Structure formats: structure tokens, C-alpha cells
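Worksheet for the structure shown next.
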2 protein chains.
Amino acid sequence: MTLDVKTLCLGVLTQGEASGYDIKKQFEQVFSYFYVASFGSIYPALTQLAREGLVVCREESQPNRPDRKVYALTEAGRERLLATLQATPPRHRIRSEFYALLHFAHLLPARRVGELIDERLSDVNRTIEEIENMLARLGAEDCGLEPGQRFEVELALHTLRAHRDFIQKNGPALAREAQANTSSDLQYSGT
Amino acid sequence: MTLDVKTLCLGVLTQGEASGYDIKKQFEQVFSYFYVASFGSIYPALTQLAREGLVVCREESQPNRPDRKVYALTEAGRERLLATLQATPPRHRIRSEFYALLHFAHLLPARRVGELIDERLSDVNRTIEEIENMLARLGAEDCGLEPGQRFEVELALHTLRAHRDFIQKNGPALAREAQANTSSDLQYSGT
DNA sequence: GACAACATGTAATAGGTTACATGATTTA
DNA sequence: TAAATCATGTAACCTATTACATGTTGTC
């Protein structure tokens, strides 16, 4: 079984009512480094959850703003969430173009390899910063994290930093090596 | 742009001819920790690549074995592969039920949290071992890795070990904390 | 006698993404 | 006046998974 957008929506709603728009923001701010979801999947998910009686919807009109549909978890929804969380195996998959490109780096011009390293490095740094900012924000607002959430975030930070440190230490050597290869054989006709 | 099965198949074929069955094994042995693909995607991919003239197919009958279709990269296929590798941004996404479950650990019974930690730990250890075995196998056969591949594998190992070490060090405390929570409130009626 | 490895393929289904459509208000 | 934020939704598409169908040989 895989955790789908519907289940994650139920999860977000345990923290209180929210609109589809709100939930999207939660996904971006809280789940983004291990789960992505777009409006195109969130809105249909909420519609379906409402049809199944797992959430209820209340329409709210606001001055100078579009109407919003605010969803709240029902008891059935809470039960379904718990049952799903119980039954879901803790998988952890990576889909990485970065690793794949490294695997075929010898087919690429040296400059490209250097760029890949740099781009990955700035991506990782951005992710790390985002998580640190989230922690700072939560600290300031004093809305404490649950122990599991603290563990989750610290594990992610620890892992990401190790990933970054390795690239920072060994990336430049790889780029140089690629440079040496490229200039000495014919696979790339640059210059 | 995303690296799809078709492109990865072209990549595998740069190392020489292979059947769909061979390619599946390569995926399992080499890509498994950052990319998964099943027969249901590999066979159609090869058919399509052949239609596009990016690979050629030769049917080979074997004694006491089913026939195999052996595919080889064409010049057009090699060019297409290089162009795709040039144009593909080095993304790196994680889809993790494990992180998601941690995020909602406070809704789960303590035992379950402990199991999640243990299961993740043995998964990571298995992955690490597989990579180490692959390295040992390659070392024995003396078919050296390209520099990019060595970097890729070492980065993966380094990252996975950091991930594992954090869980090993802090996981037990989380399980204990969950235990304390569960026994003092009503969210779980076990025992 | 059952299961794993060898070998290929299809069809139904799942689970998303992207782009589009709509439209007000605030900010630069 | 251009762009961002707020706000919802649909339709076309993509990509891959799962399960099924088929059959032999070798191993436990």
C-alpha cells in the first residue's frame, strides 16, 4: 500500500480545518522534501473524501476574496486515517536524475559534469535552508513539533547535510577528472 | 524533462547488447536504489525504441531456453541518449512513506512506531549491503567503474550510512517517548 | 512436487502531472 | 501594467505498476 494524496490530506486535516489551497501550502512547507502534490491532485482528492464521508465541507465567503471551501475531518475520516497509517509499510524510494546522470557522466562533456555537481549542491542547500527556516518559524510561533515530527526533520537534516558534505568534498575532484578525460580523447569535440 | 525507462534502457545498452530480461537485472543490480522499473515498462520501452530506430533487435534462439530478443544501440540511439543526458536537469526526489508516518507518529500506538524504526533500519542496512556486495563483485571481476559511477556509489553509501546512523542513535529514544505518551493518554486502548 | 530462473508480452488500472479556464485584489 | 496571492476546478495526458498469460529447465 502506498500513501496517496487523499491520505495525506486527511493527515493535514488532523491539525484543524483547511481549504484545498491551505493544504497545498502545507504540502509545500512541511512535506515538500519527501512528497509533492499539485492542485490537480488535491482538489479531486478532497471532493472524493467528501463523497466518502471522511471529511465535511463548509463553504465560506470572504470579503474581497474568492469563496473558499473549508474541509474538516469526520470521525470516520480519522478512523480511516489511523487504519491506513497502521497498514502502510514504511517505504522510502528515491527517483534521482542526478544519480542517473552521474552513472553516465563518462558520456558527458566535463563542463556538464561540473554543472551537475553545482546544481545539485545548490538544490540541497536550498532544501536544507527551507527546513531550517521552517524550524525557526515554528520555534518563533511556539507551536511545538510532535516528537515524531522533530525526529523526522532532524533525520532529514542530518541526511541532507551528509549528502551535501560528500559532494562538497569530492565533487571538485570528479569535475577535474572528467576534464582530464575529455581533453585526452575524442568523445567530445568541443574547442 | 524526466529520465524515463526508455532513456535508462539506452544507457544500459551503451555497455553492450542486452535483452529486456538482462536490462531488468541491470536495473535491479545497479539502479535499484534510485530507480525502479518492472518488465511491464521495460518491454514496451524496447519495442518503442526499436520502432524509433534508436535500437536494433536481433532474435536469438538458445538450446533449452526460451528465445531472446537482443537489442543493440544504433548511432541514432547513442545521439539521442547524449542529447537527453545533456538536457535533463539533475533532480532528486524522495517519496517516503517512512517520513510521512513519522510525521503522524503521535497518532500511532507506540509499538507501531518502534516497528517502523526497526523496519526502516533493516531496509537501509539491506540496501547498504547490496551496494557493498555490488562493489565487491565488480572488484573481483575487475570491470572497473567509471569515475562518475564510483562517485555515485560512494555518495549513496555515505548518505545511507549517515541516515542509518542517525536512526540507530536516536530511534530508540523516539520509541520510548511514544511509549510514555501512549500509556498516559487514551488515544490507544491496547492492553 | 514445488519453486526459482529464464524469457516475452498485454491489458487494466493507478496515480499522478500539466495546462487550461476563471477571476478578484494587492503589491511592485 | 505586470506579477503575485488568493481560490477552485477540469480534461488531456503520461508514466509506470500489477496482474495475468504462456512455457521450459534446473534445483531443492
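Predicted, not measured: the structure shown is a model, and the values here were computed from it. The sequence lines fix the lettering, A, B, ..., with proteins before strands; numbering per chain opens at 1.
- In this structure, A:F27 places its CZ atom 17 Å from C1' of D:dA7, rounding to the nearest Å.
- Contact annotation: B:Y43 does not reach the phosphate of C:dA7 (side-chain N/O to OP1 or OP2, under 4.0 Å).
- Under the 3.5 Å distance criterion, the side-chain polar atoms of B:E146 are left unmatched by any main-chain donor or acceptor of B:R150.
- Heavy atoms of A:T2 sit nowhere under 4.0 angstrom from any nucleic acid atom.
- Looking at the side chain of B:R65, the nearest of the listed nucleotides D:dT5, D:dT8, D:dT25 is D:dT25.
- Note on ring orientation: taking the six-membered ring where Trp is involved, the planes of A:F31 and B:H103 are perpendicular (angle over 60°, cut-offs 30° and 60°).
- Checked against D:dG23, D:dG9, D:dT18, the side chain of B:S38 finds its nearest nucleotide in D:dT18.
- Following rounding to the nearest Å, A:Y21 (OH) and D:dA4 (C1') show an atom-to-atom distance of 9 Å.
- Proximity of B:S41 to the phosphate of D:dT15: no side-chain N or O atom is located under 4.0 Å from OP1 or OP2.
- Residue contacts shown for A:T47 are absent, as no nucleic acid heavy atom lies under 4.0 Å away.
- Geometric assessment of A:R95 against the ring of B:F34 yields a negative cation-pi assignment under the 6.0 Å and 45° thresholds.
- Following rounding to the nearest Å, A:I42 (CD1) and D:dT10 (P) show an atom-to-atom distance of 15 Å.
- When the P atom of D:dT17 is taken as reference, atom CD of B:E28 falls 12 Å away, rounded to whole Å.
- Contact annotation: B:Q62 reaches the phosphate of C:dA7 (side-chain N/O to OP1 or OP2, under 4.0 Å).
- The side chain of A:V5 has C:dG16 as its nearest neighbour among C:dG16, D:dC6, C:dT8.
- Both the sub-6.0 Å distance and the 45° axial angle are not jointly satisfied by A:R91 relative to the ring of B:F98.
- Remark on DNA chain C: of its neighbouring residues B:G40 and B:K25, the 5'-side contact belongs to B:K25, judged by nearest-heavy-atom nucleotide.
- The listed nucleotides are C:dG9, D:dT8, C:dT17; the one nearest the side chain of B:Y71 is C:dG9.
- Nucleotide D:dT15 holds its C1' atom 13 Å from the CG atom of B:L8, rounded to whole Å.
- Residue B:D4 places its side chain closer to D:dA16 than to any other of D:dA16, C:dC6, D:dC6.
- Between the CG atom of B:D67 and the C1' atom of C:dT8 there is a distance of 10 Å, rounded to whole Å.
- For B:R95 and C:dG16, the shortest distance from a side-chain N or O to OP1 or OP2 is below 4.0 Å.
- Atom-to-atom, CD of B:Q48 to P of C:dG9 comes out at 14 Å; the value is rounded to the nearest Å.
- Comparing B:Y35 and A:R68 by the nucleotide of DNA chain D that holds the closest heavy atom to each, the one mapping nearer the 5' end is A:R68.
- Per the geometry, CD belonging to A:Q26 stands 14 Å off P belonging to D:dA7, to the nearest Å.
- Distance from the side chain of B:K69 is smallest for C:dG9 among the nucleotides D:dT10, C:dG9, D:dA7.
- For the pair A:Y99 (side chain) and A:I94 (backbone), a donor-acceptor distance under 3.5 Å is absent.
- Between A:E115 and A:R111 no salt bridge is recorded (no basic side-chain N to carboxylate O distance below 4.0 Å).
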